[in-house]
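One structure is given below, encoded as structure tokens.
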Amino acid sequence: MLRAAPETLRAGRAAPGPELSIIVPCYNERQNVAVLAERIADALEGVRWEIVFVDDNSPDGTAAAVRALARNDARIRCLRRVGRRGLASAVIEGALSSSADTIAVIDGDLQHDETRLPEMLRLLAAAPCDVVIASRYAAGGNAEGLGGNWRHRLSEAGIRLAQALLRVRLTDPMSGFFMIRNRAFEGCAERLTGQGFKILLDLLLSDRALRVREIPAVFHERVAGKSKLDVLVLAQFAALLLDKALGGVVPLRFIGFAAVGAIGILVNVGVLVLLRDATGMAFGIGELIATLVAMITNFQLNNRITYRDQALRGRRLWRGLVLFMLVCGLGAAANVGIAAMLYRGHLNGALAGAAGALIGVVWNYTISATLVWRRR
């Protein structure tokens, strides 16, 4: 039996909800959360706002720091995620938890200029647009906070590549600081890849009808914590572009898993040749050692790249390695068996081998996702 609504709700005396939700994906940003919350409060005086810190189970106690703030300020919320990581998926979960009409995304490292939030909100309300981007490269913006030359070059290369895929001309499609209408986000949420760090580009490629405006913004130097930009972030960016180019037909993880498998073949052949040439080792023993080395290499690469958001650590890492090697052993047996069967059926040897290899990859991917890197 349903209870009657509380008197405050029936009488309409409940406080109105926020008009703006600021989503802050974070990992190991304990030192920054209080400072960021204070700065946002100062910048948005007169606006009904909330901050949703989405923490990927940071070991430094980020979630505890956010909850300490939330006990004294109902405008601050903590969404702690366990068993998964990734900026894009964190933003998606945070945004989908919001009831506000407008959503802003800002990093938790204090590098984005939160004083631009009121102008972004004003522009979104006044102009016929769905997204407002705080651009580091628009006239009046500044990207000096990127630091070293290599980060500048990587950022600029990524921007040029993204610009080539977008219909709308933007100076900073790789920005992590933007504002979007909630209904626009909801409209393309199911089409988002949700992988990697470039959620804005994911949004723009998922709904090419989005109307976009840019405003200049300064990208500050990081004060505390450690930058998350590394080579793996670039690999995830390339994978996002490939996923969009394929229209999401082939699972992104499968592409990564197959690519790692190709690297494993090279490792296997390289180790076998090295052992044979350097030591004169018998082929059978050399192939066994080379196969084990390739399996371990594949496991580590998949754990670091393909399943980065679910990476195994500690005892689960060793358990996962054993399971992965068992799975791959069965996959190899299936590969050989199916290829031999097809060859005996008078299929061309190369085609029979390719079919067996494909079955082996699909088997390894499916079972590994189920047993080795299953979500907790």
Side-chain angles (χ1 to χ4, degrees), residues 19-25 43-44 47 49 87-92 94-96 98 100-107 111-143 145-146 155-219 236-238 240-245 247-248:
E19 57 187 294
L20 172 64
S21 289
I22 302 117
I23 312 302
V24 185
L44 292 175
V47 177
W49 56 267
L87 184 145
S89 60
V91 169
I92 292 170
L96 294 180
S98 169
D101 290 335
T102 307
I103 293 167
V105 176
I106 186 171
D107 286 351
Q111 290 190 274
H112 290 145
D113 183 4
E114 73 289 334
T115 64
R116 304 302 283 152
L117 285 167
E119 176 62 16
M120 296 165 75
L121 188 62
R122 185 201 64 77
L123 186 58
L124 198 63
C129 65
D130 303 299
V131 183
V132 176
I133 301 171
S135 171
R136 298 163 292 182
Y137 299 101
N142 190 306
L146 280 173
S155 178
E156 291 166 2
I159 287 172
R160 285 194 294 271
L161 184 56
Q163 287 171 337
L165 298 175
L166 292 170
R167 294 177 183 174
V168 59
R169 183 67 179 177
L170 298 173
T171 62
D172 198 0
M174 306 283 282
S175 176
F177 186 19
F178 62 94
M179 192 174 289
I180 183 171
R181 297 184 192 278
N182 197 330
R183 66 173 182 269
F185 193 98
E186 290 273 357
C188 61
E190 294 184 3
R191 299 193 297 275
L192 296 173
T193 301
Q195 300 290 322
F197 283 69
K198 299 306 174 185
I199 181 62
L200 174 61
L201 184 60
D202 199 353
L203 283 162
L204 296 176
L205 291 174
S206 296
D207 186 351
R208 294 178 181 270
L210 289 173
R211 300 165 298 175
V212 186
R213 296 284 295 272
E214 289 185 306
I215 66 170
V218 174
F219 189 68
Q236 288 180 326
F237 170 64
L240 168 64
L241 297 182
L242 180 60
D243 179 74
K244 294 302 181 183

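Basis for what follows: all heavy atoms, side chains included, without hydrogens, waters or symmetry-related copies. These figures come from a predicted structure and were not determined experimentally.
Note that the CG atom of D130 and the SG atom of C188 stand 9.5 Å from one another [nearest 0.5 Å]. Here the CG atom belonging to L204 is positioned 11.5 Å from the CE atom belonging to M174, to the nearest 0.5 angstrom. Interatomic distance, NE2 of H112 versus CD1 of I106, reported as 7.0 Å (0.5 Å rounding). Note: D107 CG to F219 CZ = 6.5 Å, rounded to the nearest 0.5 Å. The CD1 atom of I199 sits 4.0 Å away from atom CD1 of I92, with the distance rounded to the nearest 0.5 Å.
With a 4.5 Å cut-off on side-chain heavy atoms, N182 and D101 do not count as touching. E19 is listed as a side-chain neighbour of V47, based on a closest heavy-atom distance under 4.5 Å. In this structure, L200 and P173 have side chains that are not in contact, with every pair of non-hydrogen atoms separated by 4.5 Å or more. Looking at heavy atoms from C-beta onward, L203 lies out of side-chain contact with V131 at the 4.5 angstrom threshold. Between L96 and E186, the closest side-chain pair of non-hydrogen atoms falls below 4.5 Å. Residues L117 and M179 have side chains in contact (heavy-atom distance under 4.5 Å, counting atoms from C-beta outward). Counting heavy atoms from C-beta on, the side chains of F185 and L192 come closer than 4.5 Å. In this structure, V212 and C129 have side chains that are not in contact, with every pair of non-hydrogen atoms separated by 4.5 Å or more.
The two atoms that bring A217 and R116 nearest to each other are CB-CG, 4.1 Å, heavy atoms only. Looking at every heavy atom in both residues, A95 comes nearest to I23 through N-CD1, 3.8 Å. Taking all atoms of both residues into account, the shortest heavy-atom contact from G141 to P216 is N-CB, 3.5 Å. Considering all non-hydrogen atoms of both residues, I103 and S98 come closest at CG1-OG, 4.3 Å. Nearest heavy-atom pair, E114 versus A43, reported as atom, atom and distance to 0.1 Å: O-CB, 3.7 Å. The two residues L20 and A100 come nearest to each other via the heavy atoms N-CB, 3.8 Å.
Among I22, L121, T102, the one residue that satisfies the side-chain contact (heavy atoms from CB on, under 4.5 Å) test with W49 is I22.
R122 and E119 are joined by a salt bridge, as a carboxylate oxygen and a charged side-chain nitrogen come within less than 4.0 angstrom of each other.
In this structure, the side chain of E214 does not engage the main chain of A138 through any donor-acceptor pair within 3.5 Å. No side-chain donor-acceptor contact under 3.5 Å links D113 to the backbone of V218. In this structure, the side chain of D202 engages the main chain of T193 through a donor-acceptor pair within 3.5 Å.
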